Amino acid sequence: MRYADRVAGIPWERIEEIRKRLGERPALHFIAGAFVPSESGETFPSLDPATNEVLGVAARGGEKEVDRAARAAHEAFARWSRTPARERKRYLLRIAELIEKHADELAVMECLDAGQALRIVRAQVARAAENFAFYAEYAEHAMEDRTYPVDRDWLYYALRVPAGPVGIITPWNAPLMLSTWRIAPALAFGDTVVLKPAEWSPFTASKLAEIVQEADLPPGVFNLVQGFGEEAGAALVAHPLVPLITLTGETETGKIVMKNAAQHLKRLSLELGGKSPALVFADADLERALDAVVFQIYSFNGERCTASSRLLVEEGIFEDFVGRVAERAARIRVGHPLDPETEVGPLIHPEHLRRVLGYIEAGKAEGARLLVGGERALTSYRGEDLSRGNYLKPTLFVGENGMKIAQEEIFGPVLVAIPFKDEEDGLKKANDTKYGLAAYVFTRDLERAHRLALELQAGMVYLNSHNVRHLPTPFGGVKASGDRREGGFYALDFYTDLKSVGLPLRPPHVPKFGQGG
Ligand code: NAD
């Protein structure tokens, strides 16, 4: 169905053309500067979440492809890590420009492949370009660190060097934005890359490889292996020539990757799951809190790592505030991701839909009160048939913090509202989770806001706001949500090795061994 002449500024004919091409051309690996199929010739299908029809196929990589890519990255590292920073910067800026040039194609591909509304994905593509432009500026400063004059006798300085090829393993929810967020600092700081994107949304990674080729990045600096986690992903984690692995994915995957990487003592950056709380106090700007809370859980189809999926509301305003959330949730427009009015699109895959529906059943079984949704959306807000896709009605429960739906990451448009008595009770409930990615606090009491910012167990805390990413600031989680920090100079700790260099400024005393000294 044609929704408009242009969607998110893209002419409808162009959208059709891009969809057609996805079906005609397999998404290939990109190794040592060339697009290649798997040695076995095997491919795997990627489904259109709106209909579950095959959108296109991607090459199914395994040990052999990962080995070739790792060797290419290893060989290229010798040159790229010595390439002057100003030159690396120019490549990054070129890639940023080319992402902008190909923005329509990238946005449509990702919209169709991941099921995210086109207008949302368009912003993600702009952020992908920004990731490169931002880290381009860091390239020339990447190796700066401290000096340590010791009295007047010694000078020590700390020096950073590129740490080696990086294996980047990414999830399906925001494939382009999340992968570029790792690729850009890696390249800026002198590392080479092997990317393994998620098998449920493989297409924009291959388009990015085309862009890298168009930017004339030297062969082997960026490599891509398509495939499944247990095959290509595991082979990458096990490969001896790739000393760094950054994984964005589920906490359970993080555990497996950590175990496998331990065999090789690899450096890991883990960005994992979340069950982030939003605390709403009675004194808050409730209109702002309402907008933020509804947006944070239902936008992006609820498939957002930093979603505030636990809504903790002070008792006195609980029924009223949650009632307003329910009104909004019930009115959210569920529809096709190409429909410019759509607010929630289909979940990525039938398997994921089943999983999310399983949580809804678990919530009911545990006695949570279902206020809105709780079932598949079979017609769109326009009345179109959605029954072939993975659509779910935005869902709101009232529950308790100990329930499965309040403790486990659902990764869909499902919110659990829980009352709290006072600040202490709210904080206790907020921290009573194995996760610690983000937390949100809504109050007009400044002292309380800062007290909670200190006490909340989360890598990122937002006060009176939804999550607005600012690239120089540290991004990451605590507890089961991950360990490292990415963003700005914080990424340096992962992508570079730090060494200390000592130089005496006058002859040092060296004991004369062998001379009785
Ligand atoms: P996932 O863990 O299933 O997969 C992530 C990636 O890991 C995929 O590329 C997959 O192929 C790969 N993988 C799976 N098993 C592997 C193995 N044994 N060895 C190596 N690689 C393997 O996650 P998903 O379902 O694609 O994404 C959703 C999850 O990602 C959610 O938990 C979400 O919170 C998390 N996420 C976290 C962040 C963050 O920054 N913290 C951002 C986005 C998504």
Side-chain angles (χ1 to χ4, degrees), residues 44 46 58 60-63 66 113-116 124 127 167-182 194-202 204-205 224-239 242 245-264 266 268-276 297 300-309 347-349 351-353 355-356 359 408-412 433-438 458-460 467 469 474-487 490-491:
F44 64 92
S46 183
R60 179 171 175 173
E63 268 178 38
V66 166
D113 203 15
Q116 303 289 357
Q124 297 281 312
R127 285 182 61 188
I168 299 178
I169 304 177
T170 48
W172 45 257
N173 62 327
L176 183 70
M177 202 283 288
L178 287 171
S179 63
T180 52
W181 186 350
R182 272 76 183 166
V194 179
L195 170 68
K196 205 303 279 174
E199 50 270 45
W200 282 352
S201 55
T204 44
L224 157 72
V225 178
Q226 297 280 9
F228 295 106
E230 298 75 10
E231 298 172 3
L236 187 55
V237 172
H239 203 287
V242 181
I245 297 288
T246 147
L247 166 81
T248 309
E250 286 184 20
T251 294
E252 287 309 309
T253 310
K255 288 182 194 168
I256 296 169
V257 165
M258 193 175 226
K259 193 165 151 237
N260 294 342
Q263 308 304 316
H264 309 273
K266 292 197 179 189
L268 283 181
S269 173
L270 300 174
E271 300 280 4
L272 307 175
K275 193 76 189 176
S276 302
I297 182 67
F300 233 81
N301 305 346
E303 298 164 327
R304 181 203 288 270
C305 56
T306 52
S308 52
S309 47
L347 297 185
I348 182 84
H349 196 273
E351 200 178 307
H352 187 52
L353 175 67
R355 190 166 164 248
V356 176
Y359 276 110
E408 295 185 17
E409 184 185 45
I410 299 176
F411 219 57
T433 167
K434 68 175 178 180
Y435 294 107
L437 192 56
M460 294 163 284
N467 181 332
R469 182 86 187 97
F475 183 101
V478 296
K479 296 171 32 182
S481 293
D483 51 0
R484 293 258 176 184
R485 292 292 176 274
E486 303 241 3
Y490 300 93

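What you see is a predicted model; the values in this text were computed from it and never measured. Numbering starts at 1 and runs along the sequence shown. Order of appearance sets the numbers: ligands from 1, and atoms from 1 within every ligand.
Residue contacts with ligand 1 for Glu303 are absent, since no atom lies close enough (heavy atoms, distance under 4.0 Å). With a 4.0 Å heavy-atom cut-off, ligand 1 is reached by no atom of Thr251. Neither the backbone nor the side chain of Leu236 comes within 4.0 Å of ligand 1, counting heavy atoms alone. Here Thr170 has backbone heavy atoms under 4.0 Å from ligand 1, and that is the only part of it that gets that close. When non-hydrogen atoms are compared, ligand 1 lies under 4.0 Å from the side chain of Leu247 (C-beta onward) but not from its backbone. Residue-level proximity to ligand 1 for Thr248 is carried by backbone and side chain together, each with a heavy atom below 4.0 angstrom.
Ring centroid separation for the pair Trp172 and His349 does not come in under the 6.0 Å cut-off.
With atom 14 (C) of ligand 1 as the reference point, the heavy atom nearest to it among Asn173, Thr253, Ile245 is part of Thr253. Here the shortest heavy-atom distance to atom 31 (C) of ligand 1, taken over Glu409, Arg304, Arg355, belongs to Glu409.
Considering backbone and side-chain atoms alike, Asn260 places every N or O at 3.5 Å or more from each N or O of ligand 1. Checking only distances, Leu178 never comes within under 3.5 Å of ligand 1, N or O to N or O.
Within a 6.0 Å sphere centred on CD of Glu408, other residues, nucleotides and ligands contribute more than 12 heavy atoms. In the displayed structure, Tyr490 atom OH is contacted under 6.0 Å by at most 12 heavy atoms of other residues, nucleotides or ligands.
Paired with Leu268 under the rule side chain to side chain contact (heavy atoms under 4.5 Å, CB included), one option of Ile245, Thr246, Leu247 passes, and it is Ile245.
Short contacts between ligand 1 and Ile256, defined as distances under 4.0 Å to a heavy atom of the residue, involve ligand atoms 18 (N). Every atom of ligand 1 with a heavy atom of Leu437 under 4.0 Å away is listed here by number and element: 41 (N). Ligand-side atoms of ligand 1 in range of Glu199: 10 (C), 11 (O), range being under 4.0 angstrom from any heavy atom.
In this structure, the protein non-hydrogen atom closest to atom 12 (C) of ligand 1 is Ile169 CG2, 3.5 Å.
Ligand 1 has at least one atom lying under 4.0 Å from a heavy atom of Phe475. Within the 4.0 Å heavy-atom cutoff, Gly482 does not count among the residues contacting ligand 1. Between Pro197 and ligand 1 there is a heavy-atom distance shorter than 4.0 Å.
Under the rule for a salt bridge (charged side-chain N to carboxylate O under 4.0 Å, His left out), the partners of Glu271 that lie at least two apart in sequence or sit in another chain are Arg182.
Between the side chains of Glu486 and Ser269, at least one donor N or O sits under 3.5 Å from an acceptor N or O.
Between the side chain of Arg485 and the backbone N or O of Gly477, at least one donor-acceptor pair lies under 3.5 Å.
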